[in-house]
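Comments concern the structure below.
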There are 2 protein chains.
Amino acid sequence: MFGMDEKMINPVYLQIVEELKRKINSGSLKPGDAVASESALSREYGASRMTVRKGLAILAKDGYIYSIPGKGSFVQKPELNKYTIYYDEMKNSINTVDRSRLLEVNIIMPDEKLAGELQITRNKNVIVIRRLFFTEGKPIAYDLKYLPYSKGMPIVEEELEQATFPEMVSGSVSSFSLKKELTIYAQPPDEEIRRHLKIHDDLALLVIEQRIHNEENKPIGFCVTYFRGDYIKLKGRSE
Amino acid sequence: MFGMDEKMINPVYLQIVEELKRKINSGSLKPGDAVASESALSREYGASRMTVRKGLAILAKDGYIYSIPGKGSFVQKPELNKYTIYYDEMKNSINTVDRSRLLEVNIIMPDEKLAGELQITRNKNVIVIRRLFFTEGKPIAYDLKYLPYSKGMPIVEEELEQATFPEMVSGSVSSFSLKKELTIYAQPPDEEIRRHLKIHDDLALLVIEQRIHNEENKPIGFCVTYFRGDYIKLKGRSE
DNA sequence: CAGTGGTCTAGACCACAGC
DNA sequence: CTGTGGTCTAGACCACTGC
């Protein structure tokens, strides 16, 4: 048998994946078209149905096809607008924060807007953390975080200087179950931020809001970071 | 047998997935810990190994675990910084473009920067498309696209007014194989953009660059869109 | 060497589509 | 009714790890 080498280099289910991807990418199978049935593919490749299904499962996971029980598998319409972005307030594609200064750690009562944001009443306590981020001695971002105060929150100032938002929160909860949201927009700096970031000339801010919710969708943190527009670029990629 | 209802509502492999997710989320299994071996899980659940493997495959796809042949399966360290973003130059979470004006469709020779961007020589032709996006009669974005001119590019002005960047490109190639990149940053408007967008007061721009490559990593399109900062918000979410 | 995950088979029963 | 995908089994051989 020379089948062994073949199998280890390219298992049958991957051959199926590749051939079907080829057909889809070349346009010989178009979105909406039915893929050959599992039993047909099974005959065609001389493979068992489970092996065929393993290949189809991969194509489904990668967004190429979807299956309807009782009907068949069909070519998916590709997601043209989907991107993956890795965001870390301390590090982005043109800059890394090399120093951070803690401006304030405090416990406050939230105003109406913040109480709404954190879905709590205005008589609950909220931890505020205000930081400045520096690159080569230059202040490049102003960072504001709000966490509803609860039980034993381990506030260690040492850690706060360097911690990322998800890191702060993930001490208490396992971070697999966290739901995180980003909001990205641009605005001119107001007076307070001009002062903090020592901005004198014309400059735009990139503002990034982070919201973290737990499994039950209760907010457990809200964060706004104001970046000098010339010190941050976010990168996203498809697939 | 009362097992039938159970199976259809919650197949065995999903029970395994849920129980292991629970253990991971509750912290009783921590990142780096070994998951019980396939044969052990097989005994524990009274299921065949293939069924157990189906469950583990789902946990692996969702980023909970990874497997090392010959060693075992281990709990993955969660990706704290990963977000998914859906970007469409015509529609974002606070605004939708309701009209688009074609300013220019042209064929030019690229300058050095553009030639580099598109990885072509400066004597090759490039299609330029300049558009203005409107919301309720207000110009809210200035959009610039560059496509290397090749073979039969179907340039239909009608379509150009409404088409999204991936849509323009995906006519010729199947869009499954396209690699797309986003770059996001903020900057103040220059004179040209102030004129186009009729900006007179203090305002920041959100700039979004799109790069589209084919399977072989050859650039097939470059696009820059300058949004009024008060008319765009991008949203991203984890998972 | 025994234990692990990776691949694969040849069956089985099920629920569901569509004729 | 036949054909489809969804679930599941009880085996098998392989390559790899670590003792």
Side-chain angles (χ1 to χ4, degrees), chain A residues 1-21 23-24 29 31-76, chain B residues 1-21 23-24 29 31-76:
Chain A
M1 299 277 185
F2 55 76
M4 198 187 68
D5 289 337
E6 291 286 342
K7 187 201 286 194
M8 287 300 92
I9 293 171
N10 224 1
V12 179
Y13 71 86
L14 277 188
Q15 293 177 33
I16 297 174
V17 167
E18 280 160 19
E19 174 146 355
L20 287 177
K21 273 193 184 178
K23 284 186 180 171
I24 293 172
L29 275 175
D33 286 359
V35 176
S37 76
E38 295 176 357
S39 55
L41 289 169
S42 179
R43 282 191 302 275
E44 183 180 340
Y45 286 90
S48 79
R49 206 184 133 213
M50 286 304 265
T51 300
V52 170
R53 280 180 63 76
K54 171 138 188 169
L56 295 183
I58 291 173
L59 289 167
K61 171 184 68 114
D62 292 350
Y64 282 81
I65 65 171
Y66 62 95
S67 299
I68 302 179
K71 298 193 69 174
S73 295
F74 304 87
V75 178
Q76 182 76 271
Chain B
M1 297 278 185
F2 53 76
M4 199 187 68
D5 290 336
E6 290 287 342
K7 187 202 283 191
M8 288 297 92
I9 294 172
N10 224 359
V12 179
Y13 71 86
L14 278 188
Q15 292 177 33
I16 297 174
V17 167
E18 280 159 20
E19 175 145 354
L20 287 177
K21 273 193 183 176
K23 283 186 180 169
I24 293 171
L29 275 175
D33 286 359
V35 176
S37 77
E38 294 177 357
S39 56
L41 289 170
S42 179
R43 282 191 301 276
E44 183 180 341
Y45 286 90
S48 80
R49 210 187 129 210
M50 285 305 266
T51 299
V52 170
R53 279 181 65 75
K54 172 139 189 169
L56 296 183
I58 289 173
L59 289 167
K61 171 185 67 116
D62 292 349
Y64 282 81
I65 65 170
Y66 61 94
S67 299
I68 302 179
K71 298 193 71 175
S73 295
F74 303 88
V75 178
Q76 182 75 273

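Below, chains carry the letters A, B, ... as their sequence lines are ordered, and counting in each starts from 1. All figures in this text were calculated on a predicted structure; none of them were measured in a lab. Below, each value reflects all heavy atoms present in this structure, side chains not excepted, and no hydrogens, waters or symmetry copies.
Listed here is the closest heavy atom pair of Tyr66(A) and Val75(A): CE2-O, 3.8 Å. Of all heavy-atom pairs between Val12(B) and Ala47(B), the closest is CG1-CB, 3.9 Å. Contact detail for Ser42(B) and Arg49(B): the closest heavy-atom pair is OG-N, 3.8 Å.
As a whole-Å value, the separation of Glu38(A) CD from dG5(D) C1' is 5 Å. Between the NZ atom of Lys54(B) and the P atom of dC8(C) there is a distance of 17 Å, given to the nearest Å. A straight line from CD1 of Ile65(A) to C1' of dT4(D) spans 14 Å, rounded to a whole angstrom. If you measure from atom CG of Leu41(B) to atom P of dG6(C), you get 13 Å, rounded to the nearest angstrom. As rounded to whole Å, 9 Å separates atom C1' of dG18(D) from atom NZ of Lys71(B). The nearest whole Å value for the distance from the CG atom in Asn10(B) to the C1' atom in dT7(D) is 13 Å. At whole-Å resolution of the value, CD1 in Ile68(A) and P in dA15(C) are 20 Å apart. When the P atom of dG6(C) is taken as reference, atom CD1 of Ile58(A) falls 12 Å away, rounded to whole Å.
With pairs defined as Watson-Crick or G-U wobble and both atom distances under 3.5 Å, the stems of at least three pairs that touch DNA chain D come out as C:1-16 with D:3-18.
Toward the 5' end of DNA chain C, the nearer of the two residues Tyr13(A) and Ser39(B), judged by each one's closest nucleotide, is Ser39(B).
Phosphate proximity of dG5(D) to Ser67(A): absent, as no side-chain N or O sits under 4.0 Å from OP1 or OP2. Between Arg53(B) and dG6(C), a side-chain N or O to OP1/OP2 separation shorter than 4.0 Å is present.
Here the side chains of Tyr45(A) and Val52(A) are not in contact, with every heavy-atom distance at 4.5 Å or above. Annotation: side chain of Ile16(A) is not in contact with side chain of Leu59(A) (no heavy-atom distance under 4.5 Å). Within the 4.5 Å cutoff, no side-chain heavy atoms of Ile65(B) are placed close to those of Leu20(B). In this structure, Phe74(A) and Val35(A) have side chains that are not in contact, with every pair of non-hydrogen atoms separated by 4.5 Å or more.
Under the salt bridge (Lys or Arg N to Asp or Glu O under 4.0 Å) test applied with Glu38(A), the options Arg43(A), Arg53(A), Lys54(A) reduce to a single match, Arg53(A).
Heavy atoms of Leu56(A) sit nowhere under 4.0 angstrom from any nucleic acid atom.
In this structure a side-chain-to-backbone donor-acceptor pair under 3.5 Å is present from Gln15(B) to Asn10(B).
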Could you pull out the protein-nucleic contacts involving nucleotides 9-12 of chain D (nitrogen or oxygen on both sides, under 3.5 Å)?
unit_1  : atom_1 : unit_2   : atom_2 : d
dT9(D)  : OP2    : Ser48(B) : N      : 2.7
dT9(D)  : OP2    : Ser48(B) : OG     : 3.1
dT9(D)  : OP2    : Thr51(B) : OG1    : 2.6
dA12(D) : N6     : Arg49(B) : NH1    : 3.3

